[in-house]
Number of protein chains: 2
Amino acid sequence: MALEHAILVSLEERPGSGYELAGRFDKSIGYFWAASHQQIYRTLKRMVELDWVAVEHVAQQGRPDKKHYRIAAGGRAELRRWLAEPSEPAHLREELAVKVRGASLGDVAAVRAEVARHRDHHAERLDVYRVIEKNDFPDPGSLHGRGLHQYLVLRGGIRAEQGMVEWCEEVLEALGRDQS
Amino acid sequence: MALEHAILVSLEERPGSGYELAGRFDKSIGYFWAASHQQIYRTLKRMVELDWVAVEHVAQQGRPDKKHYRIAAGGRAELRRWLAEPSEPAHLREELAVKVRGASLGDVAAVRAEVARHRDHHAERLDVYRVIEKNDFPDPGSLHGRGLHQYLVLRGGIRAEQGMVEWCEEVLEALGRDQS
DNA sequence: GCTACCTATGCAACAAGGTGCACTGCAACC
DNA sequence: GGTTGCAGTGCACCTTGTTGCATAGGTAGC
């Protein structure tokens with residue numbers, strides 16, 4: 001499993017509370033590895049028991065107390081171990097593809113509309129990534145180390161979203177031709 | 001969930017046993033929606049209870065008896081319902097991206113080797129898809145209906161694998177430049 | 001004669017992920 | 001004065017997915 005490792009990477013970049021981590025998983029890191037706040041709280045608890053992260057209770061006024069997490073020595077060791085270990089290539093899990101494949105068993109026009117909706121969604125996501133790219137990485141050629149690694153992951157997101165947009169366009173065009 | 005629906009689509013194309021379905025999920029359909037034989041047996045059982053599929057016990061000589069499944073009226077109705085229903089865009093879950101993002105916390109060279117391994121894997125997969133494309137769909141322009149839909153899903157697979165190969169190349173090149 | 005793999009189905013247990021809900025209290029808006 | 005939203009943590013339950021094992025005869029190679 002990699003949720004622990006995604007959390008470790010995120011905590012290493014910046015320590016914080018579970019709530020804060022959940023926020024990060026709603027953007028940045030979470031674009032490539034989604035997780036709900038439930039999963040994060042539960043996993044953090046387990047990671048404390050494993051001594052991968054250290055907790056510190058922080059009392060607050062006007063707000064509920066929070067727990068501040070930071071990566072511990074055990075977590076760093078685990079990260080190093082995991083980074084060196086080979087991992088399985090992820091397999092695709094695209095509900096939309098199943099729908100396209102089964103389109104002729106239902107309303108093709110409805111499936112086409114679904115594809116259009118997904119295209120719009122991925123186009124929006126692509127715009128978000130492009131803005132981040134422009135703002136945070138104006139000069140990619142000069143990047144090194146951590147900054148370069150963050151940029152490369154963003155590039156992966158851009159490629160993935162662009163690929164989806166193009167595929168949706170191809171499907172829309174082909175289904176349109178077939179129906180007319 | 002879409003495993004039921006993937007099974008329905010597959011059974012509609014061709015009825016068969018759970019074992020046979022598991023085989024299909026190891027190739028064709030399974031390239032876009034993976035499932036183990038355990039999942040398939042369990043899901044088929046549930047689908048029989050729901051009257052989405054019909055079973056027929058087939059006695060065999062020299063081999064264990066098998067159960068032959070075909071889609072039932074309830075399954076066709078469910079498929080139509082599901083096809084018309086909007087679905088959530090799938091979110092990425094790429095362990096490799098987490099590793100690239102965390103590369104500086106471990107052995108960058110090891111992560112680079114991982115990326116190379118994954119590139120090779122996706123390149124092989126891409127080759128498989130390209131062969132299928134050439135053999136099964138020699139004249140895409142003339143496709144209609146079900147054949148066209150199958151082709152479009154294959155095109156999605158080709159785009160996804162090609163995108164991964166290109167991203168891996170970009171990462172390898174950038175990490176190589178950074179290290180030297 | 002032994003090992004290994006294929007066909008064929010399935011249980012049991014566990015790990016991971018998702019959904020719904022509960023509690024607290026402040027700030028902002030209308 | 002009521003709703004909405006933010007900050008903050010967590011339990012309980014349910015569904016999905018994975019792993020290990022069991023059964024059992026046939027076929028093929030060494």
Side-chain angles (χ1 to χ4, degrees), chain A residues 1-8 11 15-27 29-30 32-50 53 55-69 82 87-95 98, chain B residues 1-7 11 15-27 29-30 32-50 52-53 55-69 82 87-95 98:
Chain A
M1 229 297 291
L3 176 57
E4 291 98 320
H5 304 105
I7 290 177
L8 286 174
L11 279 183
S17 68
Y19 186 86
E20 214 182 316
L21 273 170
R24 288 185 222 170
F25 274 80
D26 268 351
K27 28 180 187 44
I29 278 266
F32 312 99
W33 199 280
S36 66
H37 77 277
Q38 274 310 326
Q39 256 177 291
I40 290 167
Y41 285 129
R42 199 193 294 160
T43 306
L44 280 170
K45 197 180 168 187
R46 200 174 352 120
M47 288 166 81
V48 170
E49 282 160 26
L50 289 166
V53 296
V55 217
E56 194 190 340
H57 289 259
V58 179
Q60 296 190 120
Q61 281 122 346
R63 294 179 184 185
D65 295 355
K66 68 178 180 182
K67 295 180 178 180
H68 195 255
Y69 293 93
W82 174 74
S87 56
E88 285 298 296
H91 37 232
L92 299 176
R93 209 134 242 262
E94 192 58 64
E95 208 167 315
V98 180
Chain B
M1 230 295 291
L3 177 56
E4 292 99 319
H5 304 106
I7 290 178
L11 280 182
S17 68
Y19 186 84
E20 216 181 312
L21 273 170
R24 288 184 223 169
F25 274 79
D26 268 351
K27 30 180 186 42
I29 277 267
F32 312 100
W33 199 279
S36 66
H37 78 276
Q38 275 309 329
Q39 258 176 290
I40 289 167
Y41 285 129
R42 197 196 294 164
T43 306
L44 280 171
K45 198 180 167 186
R46 202 175 350 122
M47 288 165 81
V48 171
E49 284 160 26
L50 289 166
W52 290 2
V53 295
V55 217
E56 194 190 342
H57 289 259
V58 179
Q60 296 190 119
Q61 280 121 349
R63 293 180 184 184
D65 296 353
K66 69 177 178 182
K67 295 182 177 178
H68 196 253
Y69 293 92
W82 174 74
S87 56
E88 285 297 296
H91 37 232
L92 300 175
R93 210 135 240 264
E94 192 58 64
E95 207 166 317
V98 180

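A note on names: the letters A, B, ... follow the listed sequences, proteins ahead of strands, and every chain is numbered from 1.
No side-chain heavy atom of A/Ser17 sits less than 4.5 Å from a side-chain heavy atom of A/Lys67. For the pair B/Trp52/B/Glu4, a side-chain contact is recorded, criterion being any heavy-atom separation below 4.5 Å from C-beta on. Counting heavy atoms from C-beta outward, B/Phe32 and A/Val98 have side chains that stay 4.5 Å or more apart. Considering only heavy atoms from C-beta on, B/Asp65 stays 4.5 Å or farther from B/Val58 through its side chain.
Smallest separation of non-hydrogen atoms from B/Ala22 and B/His37: CB-CB, 3.9 Å. The minimum heavy-atom distance linking A/Leu44 with A/Val53 is given by the pair O-CG2, 4.1 Å.
At its two ends the helix from C/dT7-D/dA24 to C/dC30-D/dG1 runs along axes set 30° apart, each axis drawn from five pairs and the angle rounded to 10°.
To the nearest 0.5 Å, the span separating CG on B/Leu3 from OG1 on B/Thr43 amounts to 4.0 Å.
For A/Tyr19, the ring pair (Phe, Tyr, Trp, His ring centres under 6.0 Å) test picks out no residue, with sequence neighbours left out. Every ring pair (Phe, Tyr, Trp, His ring centres under 6.0 Å) that B/Trp82 has, sequence neighbours left out, goes to B/His5.
Bounding nucleotides for the chain B contact on DNA chain C, 5' to 3', at a heavy-atom distance below 4.0 Å, are C/dC6 to C/dG17.
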Close N or O pairs between protein and nucleotides 4-8 of chain D (under 3.5 Å):
residue	atom	partner	partner atom	Å
D/dG8	OP1	A/Gln60	OE1	3.4
D/dG8	OP1	A/Gln60	NE2	3.1

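The environment of CD in A/Gln60 is crowded: more than 12 heavy-atom neighbours from other residues, nucleotides or ligands sit within 6.0 Å.
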Report summary line: In B/S/- notation (B base, S sugar-phosphate only, - none; protein heavy atoms under 4.0 Å), nucleotides 14-22 of chain D written 5' to 3' is --SBBBB--
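Electrostatic pairing of A/Glu20 and A/Arg24 counts as a salt bridge here, judged by a charged N lying under 4.0 Å from a carboxylate O.
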